[in-house]
Amino acid sequence: MTADISIVGLGVCNVDHITRQVERAVGRAREVLYVDTGPATRAWLAGRCSALTDLYAESYRVGGVRADAYRHMAVRTVEAALDHAPVCFAMFGHPTVGAQAPSLIASMARELSLTVEVLPGVSAMAALFADLLLDPCARGLQMYEATDLLLRARPLQPDVPALIWQVGNLETRLHTDRASRPERFDRFVRHLRATYPADHEITLYFASPHPMMRAQVPRVRLADLRAHAHRLHHGVTLYIPPVGIRPIADPHLAAVVDDPEHLGRHTRSS
Amino acid sequence: MDDVQSVLVRAVLDEQWRERFDADPAAAMAEYELPAAAADALIGGDERVLALLGGASEVPPSPAAEPAADPPPELPPVELVLRLVPELVDNGAGGFAVRYAASLHGSRPPPPETGAAPLDLVVRVSAWAEADGAGGLRLAHAASLDVAGAEPHPSPAPPTGPDVRSAVAAVRAAGREARYDRLVELAKLLEGIP
């Protein structure tokens, strides 16, 4: 059954990441409302749907509250679905990563008896795992939105790899395209310095946004982060490698993880 | 659409041209008359492409244009660890009671070889000097606490009830011109915005 609203991710590498599943959802929509500034996005969508609405251009303004932009996207999508479903809300990356509009669309749709499907896209996190060869199963993974990290003084575990999102939007809920000053990151660096040494190397990761641009993975010392303020735009994710290894806390379990008899006690015979 | 934008779009939508570009970038780009800097950036595939993609703020400025001020001096961070180890003890009435052995450490000690896993409460304190606004420096500090097993604050319940039903009814009753405003009211209600 076709959903009234398909919420889909377009991936982070301008069209190259779009899945077959997403392509089908776009193809059956009577209108695609999209948030993606990639140069080829509109042309690709236009080849599959005749009614396109650029919600990025409609929603953001310098100094505006980002939550207002997300609400506008959600309202415009639900408004379209009430008028001429099925419609598709298509956004850069993965639709539920770092985005409030999809959850609001889903909440409004539920109240209005509209059906919704959510189709995944390739997020910056998936691209980062590939570009940095990071396996989150190896030593775990902790990740926080940068401003939330400071607001709640969230503790960081030094022995667990960390991803810090939206560092270019630090300390504000307002929208801007302007570059940051070095001083913007002082409070942030102080928070990290409570956990990591000054010379700890962190990666300023930016996934490839277009096939003609490689992923950016410059590494800088934590103490030097402010000197790289101009590179910390809203698309950058910080990867902080772990410091040290947490010792085994349960030696009894450690003694049996390679023991066939232990496995036999926890599995059925056939 | 200018030539730079044409290249950026073609690289995504024209597979054959992209294969030619991957095999011989300079030859593929010869079809276009691009500014030398733009052509270099596209062939190089580095962060200069961001500016061509429209990320105006993402163009690194000349370091001389806006020198970074010296960072404020820092003092060595301090870590304190309060270790609690639970123990089962005879309660003197034929049963058992739980008590905790507490110890304070300057860094995380290794786990005990036997017995229950300890609970470590790690306090990290960092201090630094910062400008006091009068040309001098003052001391400031911050701390973080790593508390295992802290109880999470309960999430607010999603709004339900007559307010939402009224807002939904208003959306359904609205004509096309008024529907956007009624939907905004419903959205704010669901977001918990008064």
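Letters go in sequence order (proteins before strands), and every chain restarts at 1. Not measured: the values here are computed from a predicted model.
- For E79(A), the parts lying under 4.5 angstrom from a heavy atom of chain B are both the backbone and the side chain.
- Between R231(A) and E47(B) a salt bridge is recorded (basic side-chain N to carboxylate O distance below 4.0 Å).
- Between D46(B) atom CG and M213(A) atom CE the span is 7.5 Å, to the nearest 0.5 Å.
- Per-residue counts of heavy-atom pairs under 4.5 Å with chain B were compared for L82(A), D224(A), D250(A); the largest is that of L82(A).
- No side-chain heavy atom of M108(A) sits less than 4.5 Å from a side-chain heavy atom of V171(B).
- The nearest pair of heavy atoms linking M212(A) to A11(B) is SD-CB, 3.5 Å.
- Of the charged side-chain nitrogens involved, at least one lies within less than 4.0 Å of a carboxylate oxygen, so that D16(A) and R18(B) count as a salt-bridged pair.
- Environment of CZ in R187(A): sparse, with no more than 12 heavy atoms of neighbouring residues, nucleotides or ligands closer than 6.0 Å.
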So H72(A) and Y180(B), side-chain contact (heavy atoms from CB on, under 4.5 Å) or not? Walk me through it. CA-CA 9 Å; H72(A) 176 77; Y180(B) 178 91; 2.5 Å; yes
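- Proximity to chain B involves both the backbone and the side chain of N14(A), based on heavy atoms less than 4.5 angstrom apart.
- At a 4.5 Å heavy-atom cutoff, H228(A) makes no contact with chain B through either its backbone or its side chain.
- For S113(A), the parts sitting under 4.5 Å from any heavy atom of chain B are the backbone and the side chain alike.
- Interface remark: R172(B) contributes side-chain atoms only to the contact with chain A (heavy atom separation under 4.5 Å).
- Legend: residues meeting ring pair (Phe, Tyr, Trp, His ring centres under 6.0 Å) with Y100(B), ordered by chain and number and at least two apart, are absent.
- Residues V12(B) and P211(A) meet the side-chain proximity criterion, which asks for heavy atoms closer than 4.5 Å.
- Of the residues L190(B), L183(B), I193(B), the one that meets the side-chain contact (heavy atoms from CB on, under 4.5 Å) test with R71(A) is I193(B).
- Within the 4.5 angstrom heavy-atom criterion, only side-chain atoms of L104(A), from C-beta onward, approach chain B.
- At a 4.5 Å heavy-atom cutoff, the contact between L42(B) and chain A is made by backbone and side-chain atoms alike.
- Interface check for chain A: of the options D22(B), L186(B), V184(B), the most heavy-atom pairs under 4.5 Å are formed by V184(B).
- D83(A) has a carboxylate O that lies under 4.0 Å from a charged side-chain N of R176(B), or vice versa, which qualifies the two as a salt bridge.
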V9(B) vs W44(A), test: side-chain contact (heavy atoms from CB on, under 4.5 Å). Steps then yes/no. CA-CA 9 Å; V9(B) 172; W44(A) 185 88; over 6 Å; no
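- Atom CG of L84(B) has more than 12 heavy atoms from other residues, nucleotides or ligands within 6.0 Å.
- A donor-acceptor pair under 3.5 Å links the side-chain atoms of H210(A) to the main chain of L8(B), judged by distance alone.
- Residue G45(B) comes nearest to Q216(A) through the heavy atom pair O-NE2, 4.2 Å, listed as atom of the first residue, atom of the second, then distance.
- Residues meeting the ring pair (Phe, Tyr, Trp, His ring centres under 6.0 Å) test with F185(A), sequence neighbours left out: none.
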